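Numbers restart at 1 for each chain; the letters A, B, ... are given by sequence-line order, proteins then strands. Just so it is clear, the structure is predicted and the values come from calculations on it, not from any experiment.
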Amino acid sequence: MQNSRLSSSFFLSDVLEVAPALVGKKLVRCFDNGEIRSYRITETEAYRGEEDQACHARRGRTQRNRIMYHEGGVVYVYFIYGMYWMLNFVSSEKDFPSAVLIRGIEGFDGPGKVGRELKLDASFYGESLLNSKRIWVETATGPVQYACSPRIGINYAGEEWMRKPWRFSLIRTTNR
DNA sequence: GTTAAGATTCCG
DNA sequence: GGAATCTTAACG
């Protein structure tokens, strides 16, 4: 139980398996002052391949998205709207660009709030979830139910891609 | 070198 | 509905 950090094989699967599987897992963050907090992941979104018009890799490899072509298990962060750091976990095999956007963690609903709470910055770009001392993901026990729905904020991607039900939200049943 | 737009959130 | 705010990408 101490050593329940998710391993490489978890992140090497297709992003459409990894994204829903992350719902309900525990995101652990060790801050610079030594404080450790863990949060249950409540909402994720999948971005999959160059053909996905909502994905940052839709125009091929660039300076910003190059980490998406890395094999699964590393962090992809980027700054947007001049205010927010978005947290993503790269998945799948090397050279297939895909990532899971962490849209919500327990108590912090919304990708911008997640980044702010976790005090993310550019230094997390490419951080490995497999051996980082600052951020990683742990397994959680018990059954998890989630709902699928269309992704948010991707109007530019076109009808076909806007419709994909690639957002995964935790459903609370008994608790609360 | 310059410019336009974005996986959002908060406030009015 | 609009502002906040800055990086990236797409020009030239």
task: May I ask you to say whether A/Glu159 pairs ionically with A/Arg163, meaning some side-chain N is under 4.0 Å from a carboxylate O?
output: yes
query: Less than 4.0 Å between a side-chain N and a carboxylate O, is that true for A/Glu71 and A/Lys94?
result: no
task: Please report the C-alpha distance between A/Phe11 and A/Leu130 in whole Å, then the side-chain angles of each, then the deciding distance to 0.1 Å, and finally whether the side-chain contact (heavy atoms from CB on, under 4.5 Å) criterion is met.
output: CA-CA 10 Å; A/Phe11 293 102; A/Leu130 311 177; 4.2 Å; yes
- prompt: Are A/Ile154 and A/Leu16 connected, step by step, through hydrophobic side chains (Ile, Leu, Val, Met, Phe, Trp, Tyr) whose heavy atoms are closer than 4.5 Å?
  reply: yes
- prompt: Should the pair A/Lys119-A/Glu117 be classified as a salt bridge under the 4.0 Å nitrogen-to-oxygen rule?
  reply: no
query: With distance as the sole criterion, is a donor-acceptor pair present between the side chains of A/Glu127 and A/Ser132 under 3.5 Å?
result: yes
- prompt: Just checking, any donor-acceptor pair under 3.5 angstrom between side chains of A/Glu50 and A/Tyr69?
  reply: yes
- request: Please work out which residues in residues 48-66 of chain A have a non-hydrogen atom less than 4.0 Å from an atom of DNA chain C and list them by number.
  value: A/Arg59, A/Thr62, A/Gln63, A/Arg64
- request: Tell me, please, the opening and closing nucleotides of DNA chain B, 5' to 3', among those with an atom under 4.0 angstrom from a non-hydrogen atom of chain A.
  value: B/dG6 to B/dC10
- request: For B/dA5 versus C/dG2, give the span between their C1' atoms, rounded off to a whole number of Å.
  value: 16 Å
message: Pair A/His56, A/Tyr47 - check ring-ring contact (aromatic ring centres under 6.0 Å, His included), show working.
response: CA-CA 8 Å; A/His56 282 171; A/Tyr47 289 86; 7.2 Å; no
task: Output the residues of residues 77-93 of chain A in contact with DNA chain B, where contact means a heavy atom of the residue under 4.0 Å from an atom of the strand; sort by number or write none.
output: A/Tyr78, A/Ile80, A/Tyr81, A/Tyr84, A/Met86, A/Asn88
query: When you check the side-chain N and O atoms of A/Thr139 and A/Arg5, is any donor under 3.5 Å from an acceptor?
result: no
field: Between A/Tyr76 and A/His70, a side-chain donor and acceptor under 3.5 Å
entry: no
task: Indicate yes or no: does A/Glu43 engage A/Arg167 in a salt bridge with an N to O separation below 4.0 Å.
output: yes
message: Short of 4.0 Å, heavy atom to strand atom, which residues of residues 110-118 of chain A count as contacting DNA chain B?
response: A/Gly110, A/Pro111, A/Gly112, A/Lys113, A/Arg116
field: Qualifying residues under salt bridge (Lys or Arg N to Asp or Glu O under 4.0 Å), relative to A/Arg58, sequence neighbours excluded
entry: none
- prompt: At their closest point, which heavy atom of A/Leu27 faces which heavy atom of A/Ile105, and how far apart are they?
  reply: CD2-CG2, 3.8 Å
- prompt: Taking a hydrophobic cluster as the set of Ile, Leu, Val, Met, Phe, Trp and Tyr residues connected by side-chain heavy atoms closer than 4.5 Å, whether directly or through intermediates, do A/Val100 and A/Leu170 fall within one such cluster?
  reply: no
message: Counting Watson-Crick and G-U wobble pairs with both distances under 3.5 Å, what is the dot-bracket string for DNA chain B, 5' to 3', using [ ] for crossing pairs and | for pairs to another strand?
response: ||||||.||||.
query: Atom OH of A/Tyr156 and atom C1' of C/dT8: how far apart are they, to the nearest Å?
result: 13 Å
- prompt: Is it true that A/Arg48 and A/Asp14 have a side-chain N and a carboxylate O under 4.0 angstrom from each other?
  reply: yes
